[in-house]
Amino acid sequence: MSGTEYTASDLFVERFPDQARIVRIAFTNAFVALGVGALFGVLQALHRTEILRIVESPTYYTILTGHGVFLVISFTIFFLVGLYQWAVTDSLGRRPVDMRVTWTWLGLMSVGTLIAAIAILAGFLDDPPDVLGSELSADVLFTFYAPLQAHPLFYVGLVLFVVGTWLAGFDWFRSWWAWKSDNPGERIPLPTFMVLTTMIMWYISSIGVATAILAFILPWSLGITESLNPTLTRTLFWYFGHPVVYFWLLPAYLLWYIVLPHLSGGRLFSDPLARVVFILFILLSTPVGIHHQYLDPGISEGFKFIVMTNTMFLLLPSLLTAFTVVASMEHGARQRGGEGTFGWLTALPWRDPAFTGMALAGLVFAFGGFTGIVNAGMNINYLVHNALWVPGHIHTQVGTAVALTFMAGTYWLLPQLTGNRLVGRSVALFQVVLWFVGIIFMTNSMYRGGLIGMPRRTAEPQYAFDYEIGVGSVTELDVQLALGGTLLFISTLLFLAIVLLTLFNNDSEPIVDGTIPPALSGPEDSPRILDDLRVWVAIALVLVIFAYAFPLANIVSRGGLFGPDISP
Ligand code: HAS
Ligand code: CU
């Protein structure tokens, strides 16, 4: 049997009712975070553009923190654990070895989120309460590095959340080990392979943020240490801060590789290429984080140059993905009778919201990828780094490539997780297209605004020079941004309504569509070493040491572990 025969012919919820429940709970957490985060998003868009100001400017930063944390940490990662729980269970055809571990990680992640959320939301109170001797607040943005300081509970919440994800990874590794002893010599089924490689990348990278918080930021926020070395904690943050974007992206890639070819009417073009892509992410995701610090003083230009080179190599797995996924879509379209060089595009199932959402997300990702290449260029980065261009990049990438794929994936998965037919397919189709339109308006404005120097991370980007209202004026850009943001918010509400109605649509006949055909070129066409995960871990660690040992030693030798020694 080849590893790609991960058929799920019967409804998932009937084969694994308790696992479907875990996935549903994780998704529910994700979608609650999505709703709150989206509300904060539209408030920001309207505030920045001065169209509607219902909060004071200082509260803008509370909202900005909530927007970032709820969307890129809670929404994305809760969706990830739900999807991965489904992928492992479905592709290995077995339940976790010990459900207590499963409940523990879900519990840790949920409690951690709640604690961090309370710390953030306290920022809305006129007089936030004192907890543990300091005022409860966390206006530190989702990049929470020093010198901004949050209440200790914020960091405690984050730590619990991350420990939860580590335990989830352990749970999935255990399932695989158990499966391996029952199936000696078999190739790892592709979805499980994707889960395990993602988690290896996550273990290697999240150790950076864990060190930053536990060794430096938390003790400093508790008042145990008086100071810290900001360059050191920033560098540790970005050591994790780049790979985390792939932690959001790889579940979307899983859907593009596993589900999208099938929705297109065909089969995955190449299983070996998919494996190579995920391995490249293990190797290359981490030794690039300093590309977020091109403008930081205290890191030598030479180190930055090396990181720029690594980043350009890191384009490879995404370019390979563009090839493999589009080739699979084309194969599907031709199975459906599509012809011609581009004519096959019209044969794709554009009326299916799950398909259309993922395809549009991929299209937007191509643009976001190109802007990522701009960011990665050391000298061009100086132009865009502190500008609205970067939020433009963020919203095409995690805000659409990932978020829209997750929504589209939900339309495909939900009937399998609940046994209920999806409510309002045509509304769902409208919802994904609305997202696409909204993001085009919003990011077009952000990219162009960034190029003319509009700053990011500020509540008050006003300009005195905007004399004329017309194409290219600040007013035009502001209106586009606000319009785009509003459409995205409406689209989110529609999505949440469809999900909610589907959950209660339990007297319906579900459409069962879980059977995923094997890849055109299966795992047997690739060397077995691809599945030897230890080899890739070892190489990844060597690369990390090469990329970080010297810069870190340099930073510590100049600024000290806990900040510069300023004693006389
Ligand atoms: Fe980035 C900043 C470089 C990818 C997220 N990035 C950010 C920040 C976030 C973020 C959140 O080098 C801001 C952090 C902050 O607050 O400061 N990024 C890159 C590069 C890539 C990249 C080189 N980023 C992502 C992804 C993200 C993400 C993915 C989230 C999920 N980014 C940077 C840099 C900065 C940065 C600098 C620092 C900026 C600064 O100065 O602060 C690459 O991984 C991109 C590779 C992608 C491609 C596209 C391939 C195309 C595909 C499409 C296939 C089409 C399909 C559909 C499936 C080369 C795969 C076809 C449809 C049909 C109809 C046929
Ligand atoms: Cu990055």
Side-chain angles (χ1 to χ4, degrees), residues 64 68 71-73 76 80 141-145 205 234 237-253 255-257 260-261 264 277 280-281 284-296 304 307-308 310-330 332-333 342 344-346 348 350 355-378 380-406 436 450 456-457:
L64 185 54
L71 290 182
V72 303
I73 299 181
T76 49
L80 175 145
L141 314 192
F142 86 96
T143 43
F144 59 86
Y145 43 64
S205 59
R234 275 173 76 97
F237 178 87
W238 286 119
Y239 167 92
F240 142 92
H242 186 79
V244 75
V245 312
Y246 297 130
F247 199 51
W248 310 327
L249 180 71
L250 293 183
Y253 271 20
L255 288 167
W256 292 2
Y257 277 103
L260 186 57
S264 309
V277 164
L280 285 173
F281 278 114
L284 295 172
S285 293
T286 318
V288 298
I290 292 176
H291 69 215
H292 292 263
Q293 297 177 277
Y294 288 142
L295 259 119
D296 279 21
K304 292 177 180 168
V307 159
M308 171 169 72
N310 290 352
T311 306
M312 297 304 172
F313 279 115
L314 183 51
L315 298 173
L316 189 65
S318 290
L319 294 171
L320 284 174
T321 299
F323 170 77
T324 315
V325 174
V326 177
S328 312
M329 287 166 72
E330 181 182 344
F342 295 109
W344 58 268
L345 281 166
T346 56
L348 288 166
W350 292 107
F355 167 82
T356 300
M358 286 193 212
L360 293 178
L363 207 59
V364 172
F365 185 61
F367 291 107
F370 303 148
T371 61
I373 301 174
V374 171
N375 295 346
M378 240 168 109
I380 312 185
N381 182 272
Y382 298 163
L383 174 69
V384 297
H385 175 68
N386 280 320
L388 204 47
W389 170 279
V390 174
H393 172 72
I394 302 179
H395 287 88
T396 45
Q397 303 295 80
V398 62
T400 297
V402 173
L404 187 53
T405 301
F406 286 1
F436 179 71
R456 65 162 154 158
R457 298 173 158 172

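Atoms within a ligand are numbered from 1 in the order they appear, just like the ligands themselves. Heavy-atom basis, side chains included; hydrogens, waters and symmetry copies ignored.
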>> Under 4.0 Å from a heavy atom of Ala322: which atoms of ligand 1 are those, numbered in the order shown and with their elements?
In response: 51 (C), 52 (C), 54 (C), 60 (C)
> Which part of Val245 is near ligand 1, with near meaning a heavy atom under 4.0 Å away: side chain, backbone, both or neither?
Replying inline: both
> Can you find a heavy atom in the side chain of His291 that is under 4.5 Å from one in the side chain of Asn375?
Replying inline: no
>> I need the atoms of ligand 1 closer than 4.0 Å to a non-hydrogen atom of Arg457, numbered in the order shown.
In response: 16 (O), 17 (O)
> Nearest non-hydrogen atom to atom 41 (O) of ligand 1 belongs to which of Met329, Met358, His385?
Replying inline: His385
> Nearest protein heavy atom to atom 37 (C) of ligand 1, by residue and atom, and its distance?
Replying inline: Asn375 CB, 3.2 Å
> Which of the numbered atoms in ligand 1 are below 4.0 angstrom from a heavy atom of Trp238?
Replying inline: 14 (C), 15 (C), 17 (O)
>> Give me the nearest non-hydrogen protein atom to atom 25 (C) of ligand 1 as residue plus atom name, then the distance to 0.1 Å.
In response: Gln397 NE2, 3.4 Å
>> How far is atom 62 (C) of ligand 1 from the closest protein heavy atom, and which atom is that?
In response: Ala359 O, 3.7 Å
> Would Leu320 and Leu280 count as a side-chain contact (heavy atoms from CB on, under 4.5 Å) if you check the C-alpha gap in whole Å, the side-chain angles of each, and the deciding distance to 0.1 Å?
Replying inline: CA-CA 10 Å; Leu320 284 174; Leu280 285 173; 4.1 Å; yes
> For atom 50 (C) of ligand 1, which of Pro391, Gly362, Ser318, Ser264 has the closest heavy atom?
Replying inline: Ser318
>> Contact between ligand 1 and Phe342 is defined here as a heavy atom of the residue under 4.0 Å from a ligand atom; is it met?
In response: no
> Taking C-beta and beyond as the side chain, do Trp248 and Gln397 meet within less than 4.5 Å on heavy atoms?
Replying inline: no
>> Could you check whether atom CZ of Phe367 has more than 12 heavy atoms from other residues, nucleotides or ligands sitting under 6.0 Å from it?
In response: no
> Is atom 1 (Fe) of ligand 1 under 2.8 Å from any N, O or S atom of His242?
Replying inline: no
> Does Phe237 have any ring-ring contact (aromatic ring centres under 6.0 Å, His included) partners at least two apart in sequence or in another chain, and if so, which?
Replying inline: Phe144, Tyr145, Phe240
>> Checking side-chain polar atoms at under 3.5 Å, does Thr405 have a donor or acceptor matched by the opposite partner on Trp256?
In response: yes
> Looking at atom 21 (C) of ligand 1, what's its closest protein heavy atom, distance included?
Replying inline: Tyr246 OH, 3.9 Å
> Is any side-chain heavy atom of Val277 less than 4.5 Å from a side-chain heavy atom of Thr324?
Replying inline: no
>> Test of understanding: with ring-ring contact (aromatic ring centres under 6.0 Å, His included), list the residues that count as partners of Phe281, not counting sequence neighbours.
In response: Tyr246, Tyr253
>> When you compare the side chain of Tyr257 with that of Val325, does any pair of heavy atoms fall below 4.5 Å?
In response: yes
> Does the side-chain contact (heavy atoms from CB on, under 4.5 Å) test come out yes or no for Gln293 and His385, once each step is laid out?
Replying inline: CA-CA 9 Å; Gln293 297 177 277; His385 175 68; over 6 Å; no
>> Suppose we measure from atom 38 (C) of ligand 1 to each protein heavy atom; which comes out shortest, and what is that distance?
In response: His292 ND1, 3.6 Å
>> If we ignore hydrogens and angles and just use 3.5 Å, is the side chain of Thr400 paired with the main-chain N or O of His395 as donor and acceptor?
In response: yes
> Any side-chain heavy atom of His242 within less than 4.5 Å of one from Thr311?
Replying inline: no
> Going by the atom numbers of ligand 1, which of them fall below 4.0 Å from some non-hydrogen atom of Leu319?
Replying inline: 59 (C)
> Partners of Tyr382 by ring-ring contact (aromatic ring centres under 6.0 Å, His included), sequence neighbours excluded?
Replying inline: none
>> Side chains of Leu71 and Phe142, heavy atoms from C-beta outward: is any pair under 4.5 Å?
In response: no
> If you count the atoms of ligand 1 from 1 in the order shown, which ones are under 4.0 Å from a heavy atom of Arg456?
Replying inline: 15 (C), 16 (O), 17 (O), 42 (O)
>> I'd like to check which ligand 1 atoms, numbered from 1 as shown, lie under 4.0 Å from a non-hydrogen atom of Ala376.
In response: 12 (O), 37 (C)
> Counting heavy atoms only, which of His291, His395, Gln293, His393 comes nearest to atom 24 (N) of ligand 1?
Replying inline: His393
>> Under a 4.0 angstrom heavy-atom cut-off, which atoms of ligand 1 come close to Val325?
In response: 58 (C)
>> Within the 4.5 Å heavy-atom criterion, are Thr286 and Tyr239 side-chain neighbours or not?
In response: yes
>> side-chain contact (heavy atoms from CB on, under 4.5 Å), that's the test. Do Val398 and Val245 meet it? Break it down for me.
In response: CA-CA 7 Å; Val398 62; Val245 312; over 6 Å; no
> Nearest protein heavy atom to atom 39 (C) of ligand 1, by residue and atom, and its distance?
Replying inline: Asn381 ND2, 3.7 Å
> Quick one: are Leu284 and Asn310 in side-chain contact, heavy atoms under 4.5 Å?
Replying inline: no
> For ligand 1, which atoms, with element, lie under 4.0 Å from some heavy atom of Gly369?
Replying inline: 45 (C), 47 (C), 48 (C), 49 (C)
> How far is atom 8 (C) of ligand 1 from its nearest protein heavy atom, and which residue and atom is that?
Replying inline: Ile394 CG1, 3.7 Å
>> Just to be sure I understand the site: which N, O or S atoms from the protein are less than 2.8 Å away from the Cu ion (ligand 2)?
In response: His242 ND1, His291 NE2, His292 NE2
>> Could you identify the single nearest non-hydrogen protein atom to atom 3 (C) of ligand 1 and state the distance to 0.1 Å?
In response: Gly372 O, 3.5 Å
